[in-house]
There are 2 protein chains.
Amino acid sequence: MDTTQRTEQQRSADRRRRELLEAADRVVLRDGPQASMNAIAAEAGITKPILYRHFGDKGGLYAALAKRHTDALLDSLRAALDAPADRRERVEATLDTYLAAIEARPQVYRFLMHPSEGGQGGEQGFDVGKHSAPLLRRMGEELAQVIEDRLDLGPGGQRLARVWGHGIVGMMHAAGDWWLGERPCSRAELVRSLADLLWGRLAAAGDKIGGPGF
Amino acid sequence: MDTTQRTEQQRSADRRRRELLEAADRVVLRDGPQASMNAIAAEAGITKPILYRHFGDKGGLYAALAKRHTDALLDSLRAALDAPADRRERVEATLDTYLAAIEARPQVYRFLMHPSEGGQGGEQGFDVGKHSAPLLRRMGEELAQVIEDRLDLGPGGQRLARVWGHGIVGMMHAAGDWWLGERPCSRAELVRSLADLLWGRLAAAGDKIGGPGF
DNA sequence: CACTCGTGTTACCGCAAGTAACATGCACGT
DNA sequence: ACGTGCATGTTACTTGCGGTAACACGAGTG
């Protein structure tokens, strides 16, 4: 007597939830991550307590919002990663996809990277890193999986793959962040430079005259 | 008639400032970045307005605090970077220095990376990246300079050096963050894996049986 | 018709950032 | 000796946000 009815009600609840998320999205896109719950509620045409009924607290709303965007971005990245081409081309395509995404929607990007999750109350039991952007972690794990699946790295390959997954993602992220702020070169140049780095050009480069190289 | 007196007064002011910073340091180390101004003032044995007179606002205090630690860390890194050894050894030493630092004082590390800079008031004119941790930017620029000075990268070397500087720092940071959270391997193994990545092992690895490699 | 349940509201609490206005100690010129 | 600056310190306040309690309406059901 409950399950069928439940689905009916849950559907409307889910629709509401989606509407609220889209409203929140608009506000966050406009005001950045410090958007207030009041502002979001106003944008959605309702008031605060409803948001809290749906998402628990601000962290919950932000987590839901972040999950949407993160999932979307990860889908794009997976597509680039799975394209039929050789390794170097795929690496470049993946880098370019990521950079194009953050270039197109910098506000979203900033929101995902800096959830600003400090409140006054409770749960400060942090283990460092538990709070840092989950997007990076997910991308790192995903990439690690791909590396482990496809590359023959010999003994210790699994550990190596995870280190590399997180490392490469971090490289991409930091370079992208810097690039987005200063725009020192075109996206294509950036992609090429990063791929060159991954391809060992750092180790291969010669010293400059005057001493042992870096 | 004033300069001599000024230096006298300024000295005492500077000493106060340092005492306040050390108190703030203790609190941030204990409570994390969400430490309140009240708590910091209490730890210093004074009250809020004095903090505001010295540092303007919370961002000012945090900036001053961050600068201290950032400078200290950068000094360590420079030392590792300038040691008399070949390139690979120096890269490993630098990575290890960084990782040892964040391992030894995770609270400081977390504070530096996530200043939690959202307030209610003004200045939200962000240019993405303006808010992201200044430590990463400074490390990236510093490393870029070293790379540019010491490596012969041919035409476009300057751009390449900057991209690489920020990219390598990001790699180090993300991998360190993940490692600190999960501790999947020893520090030495992590260092070695990252150096291997920079040395082109990703490009050199063979495909696994069953398809074109990553 | 009473009953409940989901949806919505207003009005409030607690807390932290930041400020205004008042108090006090100490060096100075005359 | 005495007011005059000036830095240092205080209490008490405002503002704004996250979060909650208590109340109010509308629809389906015995």
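Proteins get letters first, then strands, A, B, ... in listed order; numbering begins at 1 in each.
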Between D:dA12 atom C1' and B:N38 atom CG, what is the distance in whole Å?
13 Å

For A:R201 and B:L153, which heavy atoms make the closest approach, and how far apart are they?
NH2-O, 3.4 Å

Remember a base hit wins even if backbone is also touched, and classify B:T47 as base, sugar-phosphate or nothing at under 4.0 Å, heavy atoms.
base

Length of the line joining B:I46:CD1 and D:dT11:C1', which is rounded to integer Å
15 Å

Mind calculating the distance between CD1 (B:I40) and C1' (C:dC15) to the nearest angstrom?
16 Å

Is there side-chain contact between B:I102 and B:Y98, with heavy atoms separated by less than 4.5 Å?
yes

Quick one: A:D14 CG to C:dG6 C1', roughly how many Å, whole number?
15 Å

Protein-nucleotide distance (A:L51, atom CG; C:dT9, atom P), rounded to Å:
10 Å

Where the side chain of B:P49 is concerned, which of C:dA20, C:dG18, D:dT20 is the nearest nucleotide?
C:dA20

Of the non-hydrogen atoms in B:V191 and B:L95, which two are nearest, and what is the gap between them?
O-CD1, 4.0 Å

When you check the side-chain N and O atoms of B:H69 and B:D25, is any donor under 3.5 Å from an acceptor?
yes

What nucleotide among C:dA17, D:dG18, C:dA20 has an atom nearest to a side-chain atom of A:M37?
D:dG18

Whole angstrom value for the distance that separates P of C:dG18 from NZ of B:K58:
8 Å

Nearest-Å distance for atom pair CD/C1', residues A:Q34 and C:dA16:
17 Å

A:F55 CZ to D:dG19 P: how many Å, rounded?
14 Å

Pairwise 5' ranking along DNA chain D for B:K48 and B:R53, keeping only the more 5' one:
B:R53

Where each residue is assigned the nucleotide of DNA chain D containing its nearest heavy atom, which of B:G45 and A:A35 is assigned the position nearer the 5′ end?
B:G45

Among D:dG19, C:dT9, D:dG9, which is the nearest nucleotide to the side chain of A:I50?
C:dT9

For A:R138 and A:T70, which I'm curious about, is there any donor-acceptor pair between the side chains at under 3.5 Å?
no

When you get a sec, tell me which of D:dG9, C:dA17, D:dT20 is the closest nucleotide to the side chain of A:Y52?
D:dT20

